Protein chains: 2
Amino acid sequence: MSLPHAILTALLEKPSSGLELTRRFDRSIGYFWSATHQQIYRELGKLEADGLIRVLPSEQPARGQKKSYEVLPAGRTELARWTSASQDPKPHRDALLLRLRAAAVVGTAGLEADLRRHLELHERQLAEYEEIEKRDFPPGRDGTDVRLRHLVLRAGIDLETFWTQWLRRAVADVAELPDGGPT
Amino acid sequence: MSLPHAILTALLEKPSSGLELTRRFDRSIGYFWSATHQQIYRELGKLEADGLIRVLPSEQPARGQKKSYEVLPAGRTELARWTSASQDPKPHRDALLLRLRAAAVVGTAGLEADLRRHLELHERQLAEYEEIEKRDFPPGRDGTDVRLRHLVLRAGIDLETFWTQWLRRAVADVAELPDGGPT
DNA sequence: CGTTATTATGCAACTAATTGCATAAACCGT
DNA sequence: ACGGTTTATGCAATTAGTTGCATAATAACG
């Protein structure tokens, strides 16, 4: 399981409160590991109980009041262990591809509009990634950490590029098919 | 949720027993919607209780004995409804990208070997897809259902192509970095 | 000041998915 | 007929993830 390690990574990059983490999971980190604020609060509790993180000493906690966490040495060790350990890739699940397959047996009615919508979403995401690349990774020699983060962003860009291309083709294909199918 | 719809699709393509479904989820359908046999048996029970599928009349059931299902009209209707309804894409989770990001803060030790392993897995999957394409989709004009299934396979091929290319780059990049990082 | 909106934290219930195990029949060699 | 392997179905417990709601502090508005 990876959520605790995602949180450890985020906290090592910068100590944060639950809500700050939630916001970062809506941007950068969340682009390849999403999480809701409830997951995050729950996991912060566990990580603290396990002695991998702690509340920043300066803060005094009270319900509904900001509480920032930082990673303890044990947390860094655990993250390094997890990062270097080999892991089997989890199986994918893609509802859109499944729907296309279903459309092959029950007809394509209503599909095209949603394909277009997905295309738009992926185009928007791609534009956002390219914006980030232009802003955060100008050309030139860089340190290890920057090169690795750039590599991750490249994966995002290339994935979105693939989806936009595939969806354009899918929209065109579905548009020229007889709508009904064997419904 | 999509597992019931994946099963309905599979059963419409061909009525099957739980184990036959499990096998098909290890191949074709499972390439974009994986499921274990326990999930499948559980879901078959629910679908039957809901009146969307039924046991083939010819078979008489007994524990440990084959039991094939077919889709009822209500099931086909539900699948058509789901297929045409618009859905928001679920957020991705990719542990490998997360690990790269973690490596940017705790060092790349041990990563390269696993990147190579993933590369090999994706190369193998790509080869398998291309084999299927050659076998099942020879060039030429085809019916709606065949074109849609081919479109789905193309997504698989293009995705694996992306991953093999990206991983080759990642392996090369990581190989030439100083191993330690800020561990 | 008092009321409303926003920020921030968190619990509880539910749904989905995974893991490990149990059972039973069929098939296969000896 | 027996013991071992494979095929097939299924239960139970656990873990992971989602959804809906509750609470408290703070800011902002008149």
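As the structure is a computational prediction, the values presented were derived from the model and not from experiment.
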Item checked: Length of the line joining B/L44:CG and D/dC11:C1', which is rounded to integer Å -> 15 Å
Margin query: Taking only side-chain N and O atoms of B/Y41, does any of them lie within less than 4.0 angstrom of OP1 or OP2 on D/dG10?
Written below: no
Polar atom pairs between nucleotides 16-19 of chain C and protein, under 3.5 Å, N or O only, would you list them?
unit_1 : atom_1 : unit_2 : atom_2 : d
C/dT18 : OP2    : A/R93  : NH2    : 3.1
C/dT18 : OP2    : B/Q39  : OE1    : 2.9
C/dT18 : O4     : B/R42  : NH2    : 3.1

Item checked: ring pair (Phe, Tyr, Trp, His ring centres under 6.0 Å) involving B/F32 - partner list, sequence neighbours excluded -> none
Item checked: ring pair (Phe, Tyr, Trp, His ring centres under 6.0 Å) partners for A/H122, two or more places apart -> A/W163
Notebook entry, point to check: Quick one: A/H37 NE2 to D/dA22 C1', roughly how many Å, whole number?
Noted result: 11 Å
Next item on the list: Rounded to the nearest angstrom, tell me the gap between atom CD in A/E43 and atom P in C/dG10.
Entry: 14 Å
Next item on the list: Enumerate the residues from residues 11-31 of chain A whose closest heavy atom to DNA chain C is under 4.0 Å, giving them by residue number; use none for an empty result.
Entry: A/S17, A/G18, A/L19, A/R23
Next item on the list: Round to a whole Å and report the spacing from CD1 of B/I40 to P of D/dT7.
Entry: 17 Å
Next item on the list: Could you tell me whether A/D114 and A/R99 make a salt bridge, using a distance below 4.0 angstrom between a side-chain N and a carboxylate O?
Entry: yes
Next item on the list: Grab the two heavy atoms, one from A/L115 and one from A/L96, that are nearest each other, plus how far apart they are.
Entry: CD2-CD1, 4.1 Å
Next item on the list: Could you check if a side-chain atom of A/Y129 sits within less than 4.5 angstrom of a side-chain atom of A/Q125, using non-hydrogen atoms only?
Entry: yes
Checklist line | Plane angle bin for A/H37 and A/Y41 - parallel if under 30°, tilted between 30 and 60°, otherwise perpendicular | finding: perpendicular
Distance-only check: which donor-acceptor pairs under 3.5 Å involve side-chain atoms of residues 6-16 of chain A, not counting sequence neighbours?
unit_1 : atom_1 : unit_2 : atom_2 : d
A/T9   : OG1    : A/H5   : O      : 2.8
A/E13  : OE1    : A/R24  : NH2    : 3.2
A/E13  : OE1    : B/R101 : NH2    : 3.2
A/E13  : OE2    : B/R101 : NE     : 2.8
A/S16  : OG     : A/K14  : O      : 2.8
A/S16  : OG     : A/R24  : NH1    : 3.0

Check: Mind checking what makes salt bridge (charged side-chain N to carboxylate O under 4.0 Å, His left out) contact with A/E123, not counting sequence neighbours?
Finding: A/R168
